[in-house]
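First comes the structure, then the notes that go with it.
First the proteins, then the strands, lettered A, B, ... as listed; each starts at 1. Predicted model only: the values in this text are computed from it and were never measured.
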Number of protein chains: 2
Amino acid sequence: MSDRREAILDGAERLIRANGYSGFSFREVASEVGIKSASVHYHFPAKPDLAAAVAERYRERFAKALEVKEKQGTARVEAWRAIFHSALKRDGLMCLCGILAVEGASLPPQVAKEARAFLEFGIASLNEVCPGEGVRILSQLEGAMLIARSAGDPSVFARATEDLLAA
Amino acid sequence: MSDRREAILDGAERLIRANGYSGFSFREVASEVGIKSASVHYHFPAKPDLAAAVAERYRERFAKALEVKEKQGTARVEAWRAIFHSALKRDGLMCLCGILAVEGASLPPQVAKEARAFLEFGIASLNEVCPGEGVRILSQLEGAMLIARSAGDPSVFARATEDLLAA
DNA sequence: GTCTATAATTTGATAGAC
DNA sequence: GTCTATCAAATTATAGAC
């Protein structure tokens, strides 16, 4: 994949995680990358194509980051928690698919599908280490990001998910 | 407060809970109520005014609904859970302020403030019956709505919050 | 691949008649 | 209070030059 394409995905991901699907535009993405909006359309014909590609890459990246953390000896639940926590601390950004899930009803079907796929992946991943508790744990993580973001304070996320360290 | 004003708030609340702040328009609200968008501007000069009024009324209503449930003998945590669950079952709508919180960064300050106020009210309310656990419980509730909504299945919410019945 | 230019639509908001 | 009419801006998207 070309550098330009990657740069577009980077810009779009940052903007969606900051403002949501209906809150980002091709012009903003183009401006972040330093090109014109028509050039973004060359790489991704329509808005749903771009957003779906962002969500797909997000899931793949997340899965790889989890693998790395587990190979380093981090327990899986803590790995999920740490990845979310560090994004909140670094840029104040919450889970891409948490944002997309909330916009659900007004989302183009292919984008909603990618968001669903990420959440299902998360539930399955957490069920593997905590049978029957995947949904509950992912709920707590997504909700804690939502609240921490509203409070503008990443430490709220840490407090709201402290108990998961015991798992 | 006039009936018309209430009807506008009703329509706006439904639309925001379905599509978010940046996903609803004065024209859509007007169309739901059966009037023109200029008439909506008569009651609420600008979009942030309308959204903030919706959020304020939501918090007041929620507090009243909690009181009623508690007077009927329902434990507080279960009351929170039941109110969210019934909205999901009835209309597939999640918490208004959960949606607004997610959009946080791109929200007009007065709207973000109302969303924050609701979440703080929730944390305080839950801390009263479960000291130190308010954030964790509200996180779980908001996150479970987010996931259930993405799955298009309210029973996901029930499963993800089952353990709260013990509290 | 990227650009300029532009079409078609939607948006938030206002002016002024009734 | 509600309407018609309208504005300026932004949006998604396309055509065609380079």
Should the pair Lys47(A) and Phe24(A) be classed as cation-pi, given the thresholds of under 6.0 Å to the six-membered ring centre and 45° from the axis? yes
Sub-6.0 Å ring centroid separation between Trp80(A) and Phe121(A): yes
Please report, rounded to the nearest Å, how far the [atom2] atom of [N] is from the [atom1] atom of [X].
X: His41(B); N: dT4(D); atom1: NE2; atom2: P; result: 15 Å
X: Phe26(B); N: dT2(D); atom1: CZ; atom2: C1'; result: 15 Å
X: Tyr21(B); N: dT11(C); atom1: OH; atom2: C1'; result: 12 Å

Under 3.5 Å side-chain donor-acceptor pair for Arg81(A) and Thr161(A):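 The answer is yes; a qualifying pair exists.
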Tell me whether the OP1 or OP2 atom of dT2(C) has a side-chain N or O from His43(A) closer than 4.0 Å. yes
Taking only N and O in the side chain of Arg5(B), is any of them less than 4.0 Å away from OP1 or OP2 of dG1(D)?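 So the side chain of Arg5(B) is outside the cut-off, no N or O lying under 4.0 Å from OP1 or OP2 of dG1(D).
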May I ask you to decide if the ring planes of Phe84(A) and Phe62(A) are parallel, tilted or perpendicular, using 30° and 60° as cut-offs?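 The rings of Phe84(A) and Phe62(A) sit tilted, inter-plane angle from 30° to 60°.
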Give the nucleotide from the list dA13(D), dA13(C), dT2(D) with an atom nearest to the side chain of Tyr42(B). dT2(D)
Per-nucleotide protein contact string for nucleotides 3-10 of chain C, where B marks a base within reach and S marks sugar-phosphate only (heavy atoms under 4.0 Å, - for neither): BB-B----
Could you tell me whether Phe44(B) contacts a base, only the sugar-phosphate backbone, or nothing, with contacts defined as non-hydrogen atoms closer than 4.0 Å? nothing
Ion pair check, Arg116(B) and Glu120(B), cut-off under 4.0 Å: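 Salt bridge: no.
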Using the rule salt bridge (Lys or Arg N to Asp or Glu O under 4.0 Å), only one of Arg5(A), Arg57(A), Arg17(A) pairs with Asp10(A); which is it? Arg57(A)
